[in-house]
Amino acid sequence: MNFVVRPLAPRLGAEISGVDLGRLDDGLFRSLYQAFLRYQVLLFPPQDLPPASQVAFARRFGEVQVHVMNQYHADGFPELYRLSNLDGRGQPSGHHPDKATLAWHTDGSWQRVTGQATIIYGEVMPESGGETHFCDTYGAYERLSAPWKKRVAGLRAVHNLDFSRTRRHGEDPLTEAQRLAKPPVDHPIVRTHPETGRKCLFLGDHAEYVLGMPYHEGRDLIEELNALAVHPDLSYDHHWRPRELIVWDNRCVLHRATAYDAATQGRVIRRCTVLGEIPA
């Protein structure tokens, strides 16, 4: 590999130095992809990456999602999704653009073909807060007790964008057409990663209830498992610098953003999510 790898935490994440993401060849990308599978979260130090280059990088992973919430599309690319608290004058507006990101989740679990990789580029970052935290769901599954593993084997949870974005967080950013375009879908609570063959928990905040269980019993089970999934020694907490890029594997990682003062500090990110496969 003609780049430098520095682990970010004992069990999760690596910083990749010496790579210009706008000038990748196929061989270099193959090496980066192997690091992606191994470390699950890759951080690239600050560099200029125009929107077109970010989309081109994302397309190397596969088909890039065009998010149903098109009010967030950015820079003339439907594959880009921008979250910003800045107003038309470039000043902090006091409005958080997406409070649903403050809960642990995995991108795109609310559709049948779920997210493979998410790629975020930080344009503007606050001095404090606005971090992104990651946790390893391979390890989360491996640390379940034998009774827990037996209990969840074969269970399927229903993931619902309307639940996580509207009813759960008290906001209604979805139009009726968007809601109808993405009805709830069910996925296994324990999935097998299609490339590594390892089992991991597959839940997060988009998971609403469990098939075949009374609603509130399923809700309690999901909340308990989501809490069991997060271990300090299996996590990485990232404090952003402007112009950094992070890519992570949605199939085996949960993530969340942290709060910041949206009235005094700016935070602008642009995101691509690459589609993967139907979880098995």
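These figures come from a predicted structure and were not determined experimentally.
- For Cys135 against Val230, the heavy-atom pair with the smallest separation is SG-CG2, 4.0 Å.
- With Thr106 contributing its side chain and Asn250 its backbone, the two residues share a donor-acceptor pair below 3.5 Å.
- One distance of note links CG of Leu245 with CG of Leu42; it measures 9.5 Å at 0.5 Å rounding.
- Heavy atoms only, all atoms of each residue included: Leu201 and Ala229 are closest at CD1-CB, 4.2 Å.
- Note on residues 53-64: pairs passing side-chain hydrogen bond (donor to acceptor under 3.5 Å, both in side chains), not counting sequence neighbours, are Asp26-Arg60, Gln54-Arg270, Arg59-Glu79.
- Using modelled atom types, no side-chain atom of Ser164 and backbone atom of Asp205 make a donor-acceptor pair closer than 3.5 Å.
- The side-chain hydrogen bond (donor to acceptor under 3.5 Å, both in side chains) analysis of residues 34-44, with sequence neighbours excluded, yields the pairs Gln40-Asp136.
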Under the criterion salt bridge (charged side-chain N to carboxylate O under 4.0 Å, His left out), I'd like the reasoning laid out for Lys182 against Glu176: C-alpha separation, chi angles, the key distance, then a yes or no. CA-CA 10 Å; Lys182 294 297 177 183; Glu176 185 62 21; over 6 Å; no
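- Glu244 contributes a side-chain N or O that, together with a main-chain N or O of Arg241, makes up a donor-acceptor pair within less than 3.5 Å.
- For Asn226, there are no side chain to side chain donor-acceptor pair (under 3.5 Å) partners at least two apart in sequence or on another chain.
- Not counting sequence neighbours, the partners of Tyr236 by the side chain to side chain donor-acceptor pair (under 3.5 Å) test are His238.
- Hydrophobic clustering (ILVMFWY, side-chain heavy atoms < 4.5 Å, transitive): Leu234 and Leu144 are in distinct clusters.
- Put simply, Trp104 and Leu161 are part of two different groups of oily side chains (I, L, V, M, F, W, Y) that touch within less than 4.5 Å, one to the next.
- Using a 4.5 Å cut-off between side-chain heavy atoms of Ile, Leu, Val, Met, Phe, Trp and Tyr, Leu275 falls into a hydrophobic cluster with Val113, Ile278.
- With no hydrogens or angles considered, no side-chain donor-acceptor pair links His73 and Gln71 at under 3.5 Å.
- With contacts defined as side-chain heavy-atom distances shorter than 4.5 Å, the pair Leu83/Val268 does not qualify.
- In this structure Thr166 satisfies the side chain to side chain donor-acceptor pair (under 3.5 Å) test together with Asp162, sequence neighbours excluded.
- For Arg271, the side-chain contact (heavy atoms from CB on, under 4.5 Å) test picks out His67, Tyr81, Asp107, Thr118, Ile120, Ile269, Thr273, with sequence neighbours left out.
- Here the OG1-CG distance, from Thr137 to Leu228, works out to 13.5 Å after rounding to the nearest 0.5 Å.
- In this structure, Lys199 is not positioned above the aromatic face of Tyr138 in the sense of NZ or CZ being under 6.0 Å from the six-membered ring centre and within 45° of the axis.
- With a 4.5 Å cut-off on side-chain heavy atoms, Ile189 and Phe202 do not count as touching.
- In summary, the aromatic rings of Trp248 and His255 are positioned with their centroids under 6.0 Å apart.
- Note: Asp186 CG to Arg156 CZ = 4.5 Å, rounded to the nearest 0.5 Å.
- Under the 4.5 Å side-chain heavy-atom criterion for grouping Ile, Leu, Val, Met, Phe, Trp and Tyr, Val68 is not connected to Leu80 through any hydrophobic cluster.
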Before you tell me yes or no, could you show the steps for Glu208 and Arg168 under salt bridge (charged side-chain N to carboxylate O under 4.0 Å, His left out), namely the whole-Å CA-CA distance, both residues' side-chain angles and the distance that decides it to 0.1 Å? CA-CA 9 Å; Glu208 182 180 3; Arg168 184 155 171 80; over 6 Å; no
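- With Thr132 contributing its side chain and Ala257 its backbone, the two residues share no donor-acceptor pair below 3.5 Å.
- At a threshold of 4.5 Å between non-hydrogen side-chain atoms, the residues Arg191 and Glu277 count as touching.
- Residues meeting the side chain to side chain donor-acceptor pair (under 3.5 Å) test with Asp75, sequence neighbours left out: Arg82.
- Among all heavy-atom pairs drawn from Ala14 and Val5, the shortest one is CB-CG1, 3.7 Å.
- Closest heavy-atom contact between Gln178 and Met69: NE2-CA, 3.4 Å.
- Listed by chain and number, the residues in a side-chain contact (heavy atoms from CB on, under 4.5 Å) with Arg6 are Leu8, Glu15 (sequence neighbours excluded).
- The OG atom of Ser84 lies 11.0 Å from the NE2 atom of His96; values are rounded to the nearest 0.5 Å.
- A donor-acceptor pair is defined here as one N or O able to donate and one able to accept, closer than 3.5 Å; no such pair exists between the side chain of His231 and the backbone of Ala140.
- The pair Arg243-Glu123 does not meet the salt-bridge criterion, since no charged nitrogen lies less than 4.0 angstrom from a carboxylate oxygen.
- Side-chain N or O atoms of Gln47 include one that pairs as donor or acceptor with a backbone N or O of Leu21 at under 3.5 Å.
- Not counting sequence neighbours, Phe44 has no partner by the ring pair (Phe, Tyr, Trp, His ring centres under 6.0 Å) test.
- Across Tyr260 and Pro97, no two heavy atoms sit closer than the pair OH-CD, 3.7 Å.
- The hydrophobic cluster containing Tyr215, built from Ile/Leu/Val/Met/Phe/Trp/Tyr side-chain heavy atoms closer than 4.5 Å, also comprises Val158, Phe163, Tyr209, Leu211.
- Residues Asp261 and Thr264 bring a donor and an acceptor atom of their side chains to less than 3.5 Å of each other.
- A single hydrophobic cluster is seen to contain both Ile16 and Val274, as judged by linkage of ILVMFWY side chains at heavy-atom distances under 4.5 Å, directly or through other members.
- In this structure, Ser235 OG and Leu254 CG are separated by 9.5 Å, a value rounded to the nearest 0.5 Å.
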Chi angles and distances behind the side-chain contact (heavy atoms from CB on, under 4.5 Å) call for Leu24, Leu32: CA-CA 10 Å; Leu24 290 178; Leu32 288 174; 3.9 Å; yes
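- Note that the OG1 atom of Thr114 and the NE2 atom of His159 stand 9.0 Å from one another [nearest 0.5 Å].
- Put simply, the side chain of Gln265 does not reach to within 4.5 Å of the side chain of Pro92, judged on heavy atoms.
- Under the 4.5 Å side-chain criterion, counting only non-hydrogen atoms from C-beta, Asp249 is in contact with Leu37.
- Using a 4.5 Å heavy-atom threshold, the side chains of Arg23 and Leu28 count as separate.
- Closest heavy-atom contact between His193 and Cys252: CD2-SG, 4.1 Å.
- Clustering ILVMFWY residues whenever any of their side-chain heavy atoms sit less than 4.5 angstrom apart, transitively, puts Val55 in a cluster other than the one holding Leu49.
- A distance-only check finds no donor-acceptor pair linking the side chain of Arg267 to the backbone of Pro126 [under 3.5 Å].
- Screening residues 85-94 for side-chain hydrogen bond (donor to acceptor under 3.5 Å, both in side chains), with sequence neighbours left out, gives Asp87-Arg89.
- A salt bridge between Asp233 and Arg143 is present, with a side-chain N of the basic residue lying under 4.0 Å from a carboxylate O of the acidic one.
- Ring planes of Tyr33 and Phe61: tilted class, angle from 30 to 60°.
- A 4.5 Å side-chain heavy-atom check between Leu221 and Met213 finds at least one atom pair inside the cut-off.
- Using modelled atom types, no side-chain atom of Arg251 and backbone atom of Gly276 make a donor-acceptor pair closer than 3.5 Å.
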